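Below is one structure, written out as structure tokens; the observations come after it.
Model, not experiment: these values are computed from the prediction.
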Amino acid sequence: MTLVVKMADTVQLDGVEKRISALESIVFGNADKDALYPKDKPPRIQCIESLLALQTKILASVDGKKKTEQVFANLPQLRQYMDPAYTDELILSDEAKSEIVLAEEDFLNRMASQLQVIKENEGAINSEHVRNVPKLSEKLQELSKIQIKQQDETAEVTEEAAKLIDSYNSTITTLSKIFIQWDEELTRLEMASKPKKSDS
């Protein structure tokens with residue numbers, strides 16, 4: 001019996017040592033822990049003493065405060081309630097989950113068909129042309145700038161052409177009025193130059 005107890009203690013000690021070694025590797029990494037914390041040099045504060053002092057301070061701070069003591073007593077239950085999986089199980093039963101899935105059947109079928117289309121077109125989606133789209137975006141931006149510049153230049157040409165057309169129309173209107181006046185003047189002169197018939 002004593003041998004069994006000693007073997008159990010040995011197994012527990014081995015487990016504790018493995019956990020301590022794992023913690024040391026996390027804390028120290030590749031550094032030499034013996035160089036940082038030599039074994040022959042007594043530590044200023046023992047880890048267990050520090051934890052015990054901290055626990056004493058915590059217990060002293062909540063002593064006599066019933067609400068705080070109740071919170072500490074209910075911490076495991078609070079952790080359980082804060083777990084999303086537990087709240088889902090608490091709120092939704094299996095039947096409710098089944099009803100939600102059935103209610104979203106059309107949506108799920110649409111998503112499945114769209115995923116099937118994507119799967120069928122996977123070769124085109126992963127093609128070199130599609131993969132080169134990010135590289136071509138800079139060229140596309142440059143082309144967009146050129147197009148905007150050309151649109152501005154076209155607008156300026158259109159405005160200038162409209163001004164020239166207005167000027168042309170104004171000139172034609174003025175010339176038409178002058179020709180009409182000349183025609184009237186020539187008609188009057190022709191009428192004046194004709195001999196008058198004498199009365200006999």
Side-chain angles (χ1 to χ4, degrees), residues 4-5 7-31 33 47-48 50-159:
V4 173
V5 172
M7 289 179 63
D9 291 342
T10 304
V11 170
Q12 289 179 353
L13 286 174
D14 291 340
V16 171
E17 287 180 358
K18 288 180 181 179
R19 292 176 67 182
I20 291 173
S21 298
L23 288 172
E24 287 178 346
S25 65
I26 293 172
V27 172
F28 295 103
N30 295 328
K33 67 181 181 65
C47 180
I48 296 176
S50 178
L51 290 174
L52 182 60
L54 184 61
Q55 182 183 10
T56 304
K57 289 180 181 179
I58 292 173
L59 293 175
S61 64
V62 300
D63 188 26
K65 299 176 182 176
K66 294 182 180 179
K67 291 184 178 180
T68 308
E69 290 176 356
Q70 289 176 357
V71 170
F72 275 110
N74 294 329
L75 276 179
Q77 192 174 1
L78 288 173
R79 289 194 187 96
Q80 184 181 12
Y81 288 148
M82 292 174 68
D83 185 5
Y86 177 77
T87 53
D88 288 343
E89 292 177 1
L90 187 65
I91 296 171
L92 298 176
S93 62
D94 292 338
E95 294 179 0
K97 292 178 182 178
S98 301
E99 290 177 3
I100 291 173
V101 172
L102 292 174
E104 297 292 333
E105 182 179 4
D106 294 337
F107 173 75
L108 294 173
N109 287 332
R110 286 199 306 272
M111 292 298 103
S113 62
Q114 291 176 6
L115 287 172
Q116 183 63 32
V117 171
I118 292 173
K119 184 68 176 176
E120 292 172 357
N121 297 317
E122 188 175 2
I125 294 171
N126 294 328
S127 66
E128 184 179 355
H129 301 292
V130 176
R131 288 201 305 269
N132 288 335
V133 168
K135 298 177 183 177
L136 298 174
S137 61
E138 294 181 2
K139 294 183 179 179
L140 182 61
Q141 289 177 357
E142 292 178 2
L143 290 175
S144 299
K145 291 178 182 178
I146 293 172
Q147 182 183 6
I148 292 171
K149 183 180 178 181
Q150 290 177 346
Q151 286 177 348
D152 294 340
E153 291 174 353
T154 304
E156 291 177 0
V157 171
T158 303
E159 186 178 356

How far does CD of Glu159 sit from CD of Glu156, to the nearest 0.5 angstrom?
8.0 Å

Would you say the side chain of Val157 lies within less than 4.5 Å of the side chain of Glu153, judging by non-hydrogen atoms?
no

The reported gap from CD in Gln55 to CG in Leu52 (rounded to nearest 0.5 angstrom) is 6.5 Å

Taking salt bridge (Lys or Arg N to Asp or Glu O under 4.0 Å) as the definition, give me every residue that meets it alongside Glu142, ordered by chain and number, with sequence neighbours left out.
none

Nearest 0.5 angstrom please: Gln150 CD to Ile146 CD1, how far?
7.0 Å

Distance from Leu115 atom CG to Arg110 atom CZ, nearest 0.5 Å?
12.5 Å

Hey, what do you get for OG (Ser98) to CD (Glu95), rounding to the nearest 0.5 Å?
7.5 Å

Measuring from Asn109:CG to Glu104:CD, what's the distance to the nearest 0.5 Å?
11.0 Å

